[in-house]
Amino acid sequence: MPIGITWTVDDADTMTANEIYGEVLTRLGDENPRILAMTADLAGSTKIGKFQKKHPERFFNFGIAETNMMGFASGMCEAGFIPVVSTFAAFAALRCAEHVRTDVAYNRRNVKIIATHSGTSFGPAGTTHHCTEDLAVMRAIATMTVIVPADAYETAKATAAVIDHDGPCYVRIGRSFEPPLWKDLNFDWEIGKAITLREGTDITVIACGPSVLHAVEAADRAERQGLKVRVLDMHTIKPIDRDAVMAAVMDTRRIVTAEDHNIVGGLGSAVAEVVAESGKGCVLRKLGVADVFSPHGAPEDLQHLHKIDADGIEETIAEVMKMDFEQDEDWEDEV
Amino acid sequence: MPLSAEEHKRLADKAKHIRERIVEVTERSGGGHLGGSLSQTDFLVAIYYKYAKVDPKNPRWEDRDRIVLSKGHGGLGHATILGDLGFFPDPELDKFNKTGSKFGMHLDRMKVPGVDASTGSLAHGFAIGLGMAMGAKLAGKDWHTYIVLSDGECQEGTIWEGVMAGAMFKLTNCTCIVDRNRMSLDGPTEEIMALDPLDKKFEAFGWRTIVIDGHDLNQVCDALEAARAETEKPVMIVANTVKGKGVDFMEDQPKWHYGGLDSEMAARALASLRGK
């Protein structure tokens with residue numbers, strides 16, 4: 001019996017994404033006594049501490065010991081629970097990589113990992129607290145579902161959806177000061193199904209996380225220049241929505257991806273695999289952290305540096321539109 | 001309390017049989033983790049044949065006791081016991097390690113009936129097992145969790161995270177036993193990364209420790225019963241054992257951590273186990 005969200009998130013204007021995630025998880029916990037919440041001394045930072053206040057008996061703080069926490073989460077599934085584990089993405093996905101692979105995924109345990117402070121969202125903290133590798137790692141783990149909500153509302157939808165989903169899930173959210181994409185919860189959101197935010201036939205921007213809002217802004221600016229830009233909110237990185245990618249290939253022949261992650265192994269790579277395997281011609285440009293360690297700085301400055309803000313995406317759209325990537329313009333002669 | 005002569009003989013005979021099967025399966029499979037499988041046999045036999053609530057005909061029985069081999073390389077010895085108990089037809093063990101069989105050298109819980117956690121990478125099973133115990137406690141289930149560790153895996157940092165958590169969460173509904181055979185793959189633990197005084201380390205972390213001769217069935221059973229009766233602290237039984245126990249040319253030899261046996265060596269090993 002799916003739980004879904006049968007209520008509205010109050011005070012969304014004043015709550016950050018992580019606070020909304022904490023609030024949603026707490027409400028889901030009201031309805032489902034199988035849900036457990038776990039963290040490693042980051043109850044406050046990840047906002048999973050909201051659950052603790054309401055359901056202290058189902059909340060567990062493991063101290064600064066993440067790998068043990070993943071093992072415990074796996075074991076607690078044996079008694080029928082659905083553990084939700086929250087810590088920073090760098091620790092959840094990198095420090096715990098083998099524990100997520102072996103204890104959770106290989107053991108077929110129904111653990112949900114909600115990783116916060118992903119990408120460069122904890123910008124000033126520097127590389128140790130950035131995480132621009134987690135999508136690559138989690139995507140390579142068999143059975144894992146990998147989700148990057150665009151904002152707080154999508155985080156609420158994703159949290160409910162992963163509880164309903166039978167199998168391990170990795171949801172990566174930011175530090176939670178990102179501006180919202182949506183105004184409320186009145187939209188359809190389904191694991192594995194991209195959302196078309198702008199229709200267009202000239203070029204497609206496929207984005208995830210905070211880059212989605214910037215992609216919409218860039219598309220609106222390009223539209224004023226006469227371009228029709230399709231924007232896809234690719235919130236599920238695995239399984240990737242192949243149909244949406246292939247529709248973009250066939251309809252627009254130009255794709256720009258944007259993600260707060262290394263351009264190696266994340267959304268851009270997932271899209272590239274679909275395009276390459278299709279045998280259909282398409283220009284693809286990947287925006288993200290260009291296989292470097294990002295410097296520290298304010299998140300908005302870093303997004304500008306990595307060209308995943310509206311300016312960077314707009315500039316890239318213009319570049320890609322100028323590319324002459326075929327000798328002829330006959331799209332019918334493709335493989 | 002000492003076991004009755006009859007009970008002692010029953011368990012000792014079973015342990016002898018399991019050791020013989022470990023040798024036979026290794027000969028057929030081309031290789032196996034002999035050293036650790038032979039050192040863990042006596043206490044694992046006591047757990048499975050005297051105490052554990054398990055049902056070979058219903059391997060996923062909800063109220064069964066959970067048994068996690070955190071030292072997943074003991075899978076050869078573990079599978080041998082499960083086969084003997086009838087969790088699967090015993091002759092299937094002839095396919096141990098073989099392509100397409102249900103048995104890799106580290107057992108997969110999705111493939112081998114009776115296995116509660118897929119282990120192999122060290123220190124993982126300890127946290128998984130403790131999580132099972134905590135899950136049972138929270139859900140009000142009265143099944144017990146047994147966790148078997150190697151001593152070498154106590155060099156992993158994750159073990160000590162779990163030791164802290166076990167004490168913090170007062171997990172008295174599990175029994176942990178470390179197979180202290182003092183050898184890891186490269187040699188003696190004390191020469192590679194010293195563990196002694198291992199018992200005092202667990203005690204310092206808030207556990208009750210019971211140190212025993214892991215091959216003395218009376219001591220093994222006394223310790224397992226004491227652990228079940230403990231209500232204040234989690235219990236770690238430090239079972240002093242001999243790697244390769246029972247096969248004269250394997251005992252205390254790190255090179256027999258993993259090895260193959262041709263028919264002549266297997267015959268020598270069986271003769272040694274049979275006291276000939």
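Proteins get letters first, then strands, A, B, ... in listed order; numbering begins at 1 in each. Every heavy atom of this structure was used, including side-chain atoms; hydrogens, water molecules and symmetry mates were not.
Both the backbone and the side chain of Ala139(B) have a heavy atom closer than 4.5 Å to some heavy atom of chain A. Using a 4.5 Å cut-off between heavy atoms, Trp143(B) contacts chain A through its side chain alone, with no backbone atom that close. Looking at Met110(B), only its side chain comes within 4.5 Å of chain A, counting heavy atoms on both sides. The part of Phe169(B) that comes within reach of chain A is its side chain, from C-beta onward, which places non-hydrogen atoms under 4.5 angstrom from that chain. For Leu171(B), the part lying under 4.5 angstrom from a heavy atom of chain A is the side chain only.
Within residues 44-57 of chain A, the residues approaching chain B closer than 4.5 Å by heavy atoms are, in numerical order, Glu57(A). Residue-level contacts of residues 79-110 of chain A with chain B, in order of numbering, are Ala79(A), Phe81(A), Glu98(A), His99(A), Thr102(A), Asp103(A), Tyr106(A), Asn107(A), Arg108(A), Arg109(A); threshold 4.5 Å between heavy atoms. At a heavy-atom separation below 4.5 angstrom, chain B is approached by Ala65(A), Glu66(A), Thr67(A), Asn68(A), Gly71(A), Phe72(A) within residues 65-73 of chain A.
Interatomic distance, CZ of Arg60(B) versus CD of Glu78(A), reported as 7.5 Å (0.5 Å rounding).
Between chain A and the residues Lys137(B), Glu62(B), Arg66(B), Lys141(B), the largest count of heavy-atom pairs under 4.5 Å involves Arg66(B). Annotation: maximal heavy-atom pairing with chain A below 4.5 Å, among Asp108(B), Ile128(B), Leu130(B), Thr158(B), occurs at Ile128(B).
The local environment of NZ in Lys102(B) is crowded, with over 12 non-hydrogen atoms from other residues, nucleotides or ligands closer than 6.0 Å. Counting non-hydrogen atoms of other residues, nucleotides and ligands closer than 6.0 Å to NE2 of His296(A) gives a total of 12 or fewer. The number of heavy-atom neighbours closer than 6.0 Å to CE of Met164(B), taken from other residues, nucleotides and ligands shown, is above 12. Sparse packing is recorded around NZ of Lys193(A), with 12 or fewer heavy atoms of other residues, nucleotides or ligands lying under 6.0 Å away.
The stretch residues 111-134 of chain A participates, sequence neighbours left out, in these salt bridge (Lys or Arg N to Asp or Glu O under 4.0 Å) pairs: Asp134(A)-Arg172(A).
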